There are 2 protein chains.
Amino acid sequence: MIELDKISKRILRELELNGRISNAELANRVGLSASACLRRVQELERLNIIKGYKAVLNQTELGIGCIAYVAVGLSSHTKDAQVAFESAITLSPEVKECHNITGPYEYLLRVETTDLIAYKKFHTDVLGTSAHVASITTHVVMGSPKDDRA
Amino acid sequence: MIELDKISKRILRELELNGRISNAELANRVGLSASACLRRVQELERLNIIKGYKAVLNQTELGIGCIAYVAVGLSSHTKDAQVAFESAITLSPEVKECHNITGPYEYLLRVETTDLIAYKKFHTDVLGTSAHVASITTHVVMGSPKDDRA
DNA sequence: TTTATGATGAAATTATCTTGCTTTGTTTTA
DNA sequence: TAAAACAAAGCAAGATAATTTCATCATAAA
């Protein structure tokens with residue numbers, strides 16, 4: 001774990017909020033000159049503390065009409081079974097996240113599709129055909145009062 | 001829902017991958033001149049299809065050592081109970097996501113803390129003191145083979 | 001005290017963005 | 001079919017912003 005001073009933390013906070021702010025404006029907000037600010041940002045990138053930048057898209061406008069969290073249980077807990085499941089799931093574009101979790105199920109997936117019909121298809125074609133899948137529990141998202149990672 | 005042509009979709013894909021790519025480079029990748037490309041990007045922003053840009057930070061390096069998905073059940077399903085719970089939870093910085101889901105529980109939270117100790121504290125101080133909370137089921141994330149929203 | 005190190009700000013340079021105008025291609029209308 | 005009307009593209013110059021360079025200052029070790 002890396003310890004950062006106040007200014008660098010401030011830089012990260014600003015960039016998380018607006019990743020495309022100009023360097024001059026960022027410098028202004030954190031109280032540094034443009035060059036000093038840029039050096040810090042580049043250093044943060046070099047240290048991989050800033051892993052990258054991405055545009056936040058409006059899913060609704062783009063036709064993502066169905067988001068679901070899916071808990072998946074495996075019938076086999078061997079390494080091979082996990083690797084097989086993970087690589088199958090990772091290839092599916094509908095699966096935006098795949099977390100290996102503690103509890104009665106092994107995996108929690110976030111699946112985004114255009115609509116429930118498409119989800120059903122994913123459910124059948126992808127989950128239904130994956131080896132070792134023992135149980136599937138779908139939780140459709142009705143709303144997200146908070147989503148800082150969006 | 002808005003229909004986009006191939007080029008605009010390509011632009012979105014590139015910007016999602018690298019939100020800080022220069023306009024010239026982006027134009028090059030999508031096969032447009034810089035000015036035409038910029039106009040499209042600005043239009044996408046104006047239409048709120050691109051909601052913004054953000055830096056992707058390395059949580060591990062910054063001391064996020066414990067990530068958990070927490071299923072929360074409420075004892076009351078009135079609108080008031082939901083609003084109260086949501087506003088309490090929204091204020092907690094540890095809660096990065098709060099989804100209202102179908103199924104036996106009402107909410108699925110993503111909670112990020114420095115370590116398990118801090119999670120325990122969140123569990124007790126925040127969830128434990130929220131009105132209407134009937135059940136809490138914690139799933140600690142052991143790993144994320146895929147996390148496109150990170 | 002001297003020296004080395006690291007970080008800063010100002011200025012110069014380089015790259016990139018942005019805008020107005022022209023051109024191209026497509027659709028509409030006579 | 002031809003001309004008009006429109007939309008989107010490219011080009012190029014001027015405006016902005018990013019990046020490098022360099023001199024300075026503060027701090028800590030020798």
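What you see is a predicted model; the values in this text were computed from it and never measured. Per chain, numbering begins at 1; letters A, B, ... match sequence-line order. Computed from heavy atoms alone, side chains included, the values below leave out hydrogens, waters and symmetry copies.
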Notebook entry, point to check: For B/Arg40, which contact category applies under a 4.0 Å heavy-atom criterion: base, sugar-phosphate, or nothing?
Noted result: sugar-phosphate
In whole angstroms, the gap separating C1' of C/dA7 from CG of A/Leu44 amounts to 14 Å
Among D/dA9, C/dT8, D/dA18, the one nearest any side-chain atom of A/Ala36 is C/dT8
Between the OG1 atom in A/Thr114 and the CG atom in A/Leu62, the distance rounded to the nearest 0.5 Å is 12.0 Å
Exercise for the section: Could you tell me whether B/Ser35 contacts a base, only the sugar-phosphate backbone, or nothing, with contacts defined as non-hydrogen atoms closer than 4.0 Å? Expected result: base
Atom CG of B/Asn28 and atom P of D/dG10 are separated, to the nearest Å, by 12 Å
Presence of donor-acceptor pair under 3.5 Å, side chain of A/Arg39 and base of C/dG6:
no
Stepwise, does the side-chain contact (heavy atoms from CB on, under 4.5 Å) test hold for B/Asn18 with B/Arg20?
CA-CA 6 Å; B/Asn18 180 358; B/Arg20 246 193 162 179; 4.0 Å; yes
A/Leu4 CG to C/dA7 P, in whole Å, measures 12 Å
Assign each of A/Leu38 and B/Gly31 the nucleotide of DNA chain D bearing its closest heavy atom; nearer the 5' end lies the nucleotide of B/Gly31
Rounded to whole Å, CD1 of A/Ile7 lies from C1' of C/dT8 at a distance of 10 Å
When rounded to whole Å, the CG to C1' distance for the pair B/Asn23 and C/dT19 reads 13 Å
A/Leu26 atom CG is separated from D/dA18 atom C1', nearest whole Å, by 13 Å
Closest of D/dT19, D/dA17, D/dA9 to the A/Gln42 side chain is D/dT19
Result for 5'-nearest mapping on DNA chain D, choosing between B/Arg20 and B/Cys37, is B/Cys37
**Item:** Note: A/Lys54-B/Asp148 ion pair, threshold 4.0 Å (strictly below)
**Value:** no
Atom CD of B/Glu43 and atom C1' of C/dT18 are separated, to the nearest Å, by 16 Å
Which of B/Ile67, B/Val140, B/Val70 passes side-chain contact (heavy atoms from CB on, under 4.5 Å) with B/Tyr119? It is B/Val70
A/Glu45 CD to D/dA18 P, in whole Å, measures 12 Å
Of A/Val133, A/Leu74, A/Ile89, the one forming a side-chain contact (heavy atoms from CB on, under 4.5 Å) with A/Tyr107 is A/Leu74
